[in-house]
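Worksheet for the structure shown next.
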Amino acid sequence: NGAAFSKLRGSQSGQDSTRWHVVRKFLGLISSHNIPVYLIDPLILGLVDKDIEQIRSSPDGPSPECKYFCAPRDFTTFALLDKTWKHEVGFLRTAEKMGFQWLKIINKDPRLDGLDDLSGMEIPLHYIFKLASHAIHLVVFYERSGNFLWHGPLRLKQHMDRKFVPFRKLHFGRYPGAYEKPELLLVSIDDLKVQIPKNPSSFLEEMSHSRFLECRYREARAFFQLYPDDASLDAVEFRKKAKSLLHLAALTLNNLGVKFWLSSGTCLGWYRQCNVIPHSKDVDLGIFIRDYKADIIPAFQKAGLPLKHKFGKVEDSLELSFQGEDDVKLDIFFFYEEDDHVWNGGTQAKSGKKFKYLFPKFTLCWTEFVELRVHVPCETLQYVEANYGPEWKVPVKTWDWKSSPSNVQDNGVWPIDEWDNVIQIY
Amino acid sequence: MDEWKPSPAGKPHKKRSWYLAWKYKLMNQRALRKLCQTGAVLFLLVTVIVNIKLILDTRRAAYEEEEESAQDYDDEMLNVEVPRHPVNNKKVLDVEVYSSRSKVYVAVDGTTVLEDEAREQGRGIHVIVLNQATGHVMAKRVFDTYSPHEDEAMVLFLNMVARGRILIFTIKDEGSFHLKETAKNVLKSLGSQVAPFLSWRDMWTFVGKKGGEVYGEKHAKSPALSTWGDPVLLKTEVHLTSVEDAECHWPDTELNRRRKRFCSKVEGYGSVCSCKDPTPIEFNPDPLKDNKVFDVPVAVIAGNRPNYLYRMLRSLLSAQGVNPQMITVFIDGYYEEPMDVVELFGLSGIQHTPISIKNARVSQHYKASLTATFNLFPDAKFAVVLEEDLDISVDFFSFLSQSIHLLEEDESLYCISAWNDQGYEHTAEDPSLLYRVETMPGLGWVLRKSLYKDELEPKWPTPEKLWDWDMWMRMPEQRKGRECIIPDISRSYHFGIVGLNMNGYFHEAYFKKHKFNTVPNVQLKNVESLRKDNYETEIHRLLGEAEVLDHSKNPCEDSFVPDTEGRVYVMFIRMEQEADFTTWTQLAKCLHIWDLDVRGNHKGLWRLFRKKNHFLVVGVPASPYSSKKPSSVTPIYMEPPAKEEGAVAVPAAEQT
């Protein structure tokens, strides 16, 4: 009756039912091979989100009209979790028999990238199934260390048909992306049974900030060729503590819903060597002041990290420092956004002197670091260079936060009557 | 007179094993004891003479070699001058085969497919198998038929090669010393006229089709015991057949497509490539009920021993509860054939470019493999670590499924291992019994992710350290007093004999008689008693019930343990402090169990079986269980032997 229904709808509204047919065929194909896909098409999810209450309440009800799958579009996008299926050739054969033309984009496995000299089989990142004038874009998601899902970029290799579909219009694949593992919901829309993210609006929100940066493993290897890694027991111990402190900090801030990124030495460690710099002695995070919450201090204290000092105030140069295990310190710098730059402040406790560290504007990307999904500035090079100058590639053991950074500026002195508030040391 | 040195390092092992085997058989027959001794002395004498001869020969050989290599050089120049390009549709292959003391090579249509002129290796018969339709090399093997049993391996291999394939043979150095009748007959059946008469240091080359014509054979006899036959070079032509004739016509299925790809590339895997009745490559063993290890990744660590890998994966994929999607094979090096095997079984494989030498390389390969495993399966809390030279018991996953929660919950545990170092045919009895041991047996084990990520990975020995990873893991700095759970009867079997730390003698003495569980679905007994505190209660219960053996008797004698079954006995040995294993080592030696270092102990207690009775050994006074010793009993002390006997500790490959 689906065909009859669509014919009806198609004729009445002048909409194209080709898409609906192709999607139905595709869903038939994947269910015949037991492949659990879910819908991640942002345009459809946007429409679905508006009616989500109704859709949830009547999971089986027939649709009076074709609302979602009949808008004429070049693509409909689905996601597939790699670990839930076997890479079966049979699946593609059936697709061919059903009349689909398909394209598979494979590339090397990023989960092996950080490892010296390992070469695995290339993994499928994207599939495109084309039938008549419509195409299904199937994005393959992989589980990564740090409890998140990753999808790869879509890059065409030389011999590939560049006109197979209008690739530029695809919603996924311009960059690699990182997502939380979604909760799924089985719904019936336009008489098609399909899985969707349980909360489409938060999925769409996530999608807009999903860009993922891989660590620069090759450069990191080159770095270690020049400067062999410190394998001393102290270094091993420090890294272990820094890692667990970062995990604890991430957990605490994520629970509060406060967005943060790796800053200063921790960011440099990620960018330069894909690891914690063993002689850095602390963990540095950045937070935009607009994301500041008063709960931050009590939340860390509750997590077993007492406040060590608090410099500045929310309106100006705020900086918090928490005491981790055995002298490993967690520094949180709050960043203030101006028209053409961002900055964070520093305070010298004994003199009340203020400093200002200037950075070019940046956006945030996801990355994987010490088995954690964290943010880093997407424009990492500019960020690191602003902080450490053009010589950032050379390790420096002595670092003075008041004079060494190349982006430091004097910023006056706190008025003495404010000292009790803006210089708090515990 | 420094020619009169004792025999080179490797030599005594063979002698000892032979002597031991003999001694063992004749032990109880007093009359034969004398004969035995005389025989041993005689054998010793012969060995000494042979060795002296060898030393002399080696010196002469070094001199002869220079002339020989000059000759080789000329041959190569010839090849360069007349380059031959293989043409695709050509129906004839030019084959050149060279055999000499220090170098062998095989060239097919001008392309060198085998060249071995390395010193001190590659001795014996080199065999190459070519595809009769394409001329591609399908297998390359060398059988050191100077050493025992290698001829059997060769026969096995030749029997597995499909009819119609082209076989090329060439000898490097020596290939006849242990080439027995059976092997000679197989070569004869392939059409060789020389094989039955091959003798000491003859040079030989042969090209023929299995079950078909002979393309050529050349032979140079060694004129005297101390010299080699002249190098021989065989040049011949081989006529190719059509691809159709060289392939089987299996039904077109996904599995058979994999099989076809595999069988057109490699040889020597027997019935998997049989046209008529190919052996399955998918096994579908019974699933396990409530399988706790279904989602645990399995890392198979492999080198370039594709036949081993093939045998290993077969047994792994046949084990009940196996989940092929969780298996990753890590191959140390860019070797094609192991990868072919992995693909045959539809598994995923990862290759690892070697970055350092020998043990350190293995160790770096392990690290990369373990890190990759936890990257690929970020949700996993554990990883099963296997090696390519293990057979896996049918209830391997069942064993792990029943015990894995201990590793999760008991922080005093270091690992679960499928291997009992002391579990020999005569010392292991109960498939449902588990132990706690202070050593880390490896050979099929489960690693906790947190242990790896938090402790081992960050300080894993760097390549320049040249450490064995397993030795390193056994060091107190790493193990930190934690223990491993092992079964009484091993769930893995170590079949590898050609490995870095392995040779034939060593394998025979320490691994061959190992017990291996073949019973499916064994229900493990009292698993909860393996937890730290429960285990102490259990041991005290056992010791309370154990009968003290008669300490005036010789513990090495069979009669030390009464002729009963199912009883629990205890003996006390002297053990002055925690690290005093003098008596234990002697006892282990005479019980014919692992004695090269101390394994299988728990607080100065060893548990094994003798004559189907549970047999406990307590080290007094070091063990906390010493209090169970009746005051009337004096702990047994066994003297370490004179130096000569102890010389076996480091096995080394035999060399000519």
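A, B, ... follow the sequence lines: proteins, then strands. Residue 1 opens every chain. Everything quoted here is computed from the prediction, not taken from an experiment.
Between chain A and the residues Gly349(B), Gly346(B), Ser348(B), the most heavy-atom pairs under 4.5 angstrom are made by Gly349(B). When each of Glu254(B), Met339(B), Arg257(B) is scored by its heavy-atom pairs under 4.5 Å with chain A, the top score falls to Arg257(B).
Around atom CD of Glu122(A), more than 12 heavy atoms belonging to other residues, nucleotides or ligands sit under 6.0 Å away. Taking a 6.0 Å sphere around CD of Glu219(A), one finds it holds more than 12 heavy atoms contributed by other residues, nucleotides or ligands. The environment of Arg155(A) atom CZ is dense: over 12 non-hydrogen atoms of other residues, nucleotides or ligands sit within 6.0 angstrom. Within 6.0 Å of NZ in Lys281(A) there are more than 12 heavy atoms belonging to other residues, nucleotides or ligands. Crowding of Lys181(A) atom NZ: a count of heavy atoms from other residues, nucleotides or ligands under 6.0 Å exceeding 12.
Closest approach of Leu118(A) to Ala368(B), counting heavy atoms only: CD1-O, 3.8 Å.
With a 4.5 Å cut-off on non-hydrogen atoms, Asn275(A) does not touch chain B at all. For Glu477(B), no part lies near chain A; criterion is any non-hydrogen pair under 4.5 Å. Contact annotation for Lys241(A): neither backbone nor side-chain heavy atoms come within less than 4.5 Å of a heavy atom of chain B.
Rounding to the nearest 0.5 angstrom, the gap separating the NZ atom in Lys459(B) from the CD atom in Glu237(A) is 8.0 Å. Of the inter-residue distances, the one linking Leu376(B) atom CG with Glu143(A) atom CD reads 11.0 Å to the nearest 0.5 angstrom. The distance from the NZ atom of Lys240(A) to the CD atom of Glu455(B) is 5.5 Å, given to the nearest 0.5 Å. Between Arg111(A) atom CZ and Phe374(B) atom CZ the span is 14.5 Å, to the nearest 0.5 Å.
Asn375(B) places none of its side-chain heavy atoms less than 4.5 Å from the side chain of Arg144(A). Contact annotation: the side chain of Ser119(A) approaches that of Tyr334(B) to within less than 4.5 Å [non-hydrogen atoms, C-beta and beyond].
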Test side chain to side chain contact (heavy atoms under 4.5 Å, CB included) on Lys453(B) and Lys243(A) and set out the steps. CA-CA 11 Å; Lys453(B) 280 285 167 190; Lys243(A) 178 179 163 184; 4.2 Å; yes
Run the side chain to side chain contact (heavy atoms under 4.5 Å, CB included) check on Leu112(A) and Ile350(B) step by step: do they pass? CA-CA 9 Å; Leu112(A) 302 176; Ile350(B) 289 174; 3.4 Å; yes
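No salt bridge links Arg239(A) with Asp454(B); every basic N to acidic carboxylate O contact stays at or beyond 4.0 Å. A salt bridge links Glu371(A) with Lys449(B): the distance from a Lys NZ or Arg NE/NH1/NH2 to an Asp or Glu carboxylate oxygen falls below 4.0 Å.
The ring-ring contact (aromatic ring centres under 6.0 Å, His included) contacts involving residues 221-252 of chain A comprise Phe223(A)-Tyr227(A), where partners must be two or more places apart or lie in separate chains.
Listed by sequence position, the residues of residues 278-295 of chain B in contact with chain A number zero, using a 4.5 angstrom heavy-atom cutoff.
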